[in-house]
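It should be emphasised that the depicted structure is a prediction, and the values quoted were computed from it without experimental measurement. As the structure lists them, so they are numbered: ligands from 1, and atoms in each ligand from 1. Below, each value reflects all heavy atoms present in this structure, side chains not excepted, and no hydrogens, waters or symmetry copies.
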Amino acid sequence: MIICANFKANHTRKSTQKYLNELQSLQSKHQIMLFPPNTALMQNDFSHVSIGVQNFYPVQNGSFTGEIAKEQIDEFNIKCVLIGHSERRHILNENDELIKAKFDFAKKQNWEIIFCIGESLHVRKSGKDELFLYLQNQLNGIDLTYQNLIIAYEPVWAIGTGQVATKEDINEVLEFLKTLTKAPLLYGGSVNAKNVKETFSLPTCDGVLVGTASLEANKFKQIIQKAN
Ligand code: PGA
């Protein structure tokens, strides 16, 4: 399983270091990834936990106020990026063009990409055809055969709301995505230690992307243990 913690704008460098130390003792055959805020990026020497960036601007370096680019990412030997998270799409107004530019840039670096897609409640209520079309459009222009691609299905209405999608909801989307790509598929949206077992049990599911329930190392460890 691939189990990812997305800290968003939470945690400091000090608390991230403490968190990593708590994960150090963990024995896990699973692939664990941590996405701290940029101020807490660090080189990680534990082989079972990799650190990634939540965002980047798709250039080597340059005049892009407030952004970080490849030069800063390389400093920490980071090779893993999140692209297309719904908060960046909807709150920070990232459009498909920028998202695709980020994908192409990250692919050129051979970085591992967690590419997020997901529908709003409005789309979800429009029926299955609309839903699948919407998700497929979010993947337009993305090389679905890229070997370091992971896709995270995160319905917007389930992110940070405590409203987790049912296993049927998740499975039908992941089944659909499996017809488009061989990339591993994650589910994200109010995942926690109580509901994750059901998600892990889906044959289509290769892991989870966790926000709120990943913020405490203890709770995140419980999620990892459920995969064992
Ligand atoms: P959540 O966030 O677990 O708090 O719903 C998931 C995400 O945004 O990746």
**OP:** For the residue pair Glu119 and Tyr153, confirm or rule out a side-chain donor-acceptor distance under 3.5 Å.
**Re:** yes
Subject >> Expected output: side-chain Lys197 to main-chain Lys226 donor-acceptor under 3.5 Å >> reply: no
Subject >> Modelled atom types, side-chain donor and acceptor of Ser15 and His11, under 3.5 Å >> reply: yes
Original post:
How are the rings of Phe105 and Phe56 set to each other: parallel, tilted or perpendicular (split at 30° and 60°)?
Top reply: tilted
List, for ligand 1, each N/O atom that has a protein N/O partner under 3.5 Å away, with both atom names and the distance.
| residue | atom | partner | partner atom | Å |
| --- | --- | --- | --- | --- |
| ligand 1 | 2 (O) | Lys8 | NZ | 3.2 |
| ligand 1 | 3 (O) | Gly211 | N | 2.8 |
| ligand 1 | 4 (O) | Thr212 | N | 2.9 |
| ligand 1 | 4 (O) | Thr212 | OG1 | 2.5 |
| ligand 1 | 5 (O) | Gly160 | N | 2.6 |
| ligand 1 | 5 (O) | Ser190 | N | 2.7 |
| ligand 1 | 8 (O) | Lys8 | NZ | 2.6 |
| ligand 1 | 8 (O) | His85 | NE2 | 2.7 |
| ligand 1 | 9 (O) | His85 | NE2 | 3.3 |
| ligand 1 | 9 (O) | Glu154 | OE1 | 3.3 |
| ligand 1 | 9 (O) | Glu154 | OE2 | 2.6 |

Original post:
Are any non-hydrogen side-chain atoms of Leu144 and Ile151 less than 4.5 angstrom apart?
Top reply: yes
Original post:
Cut-off 3.5 Å, side chains only: do Lys100 and Asn140 have a donor facing an acceptor?
Top reply: no
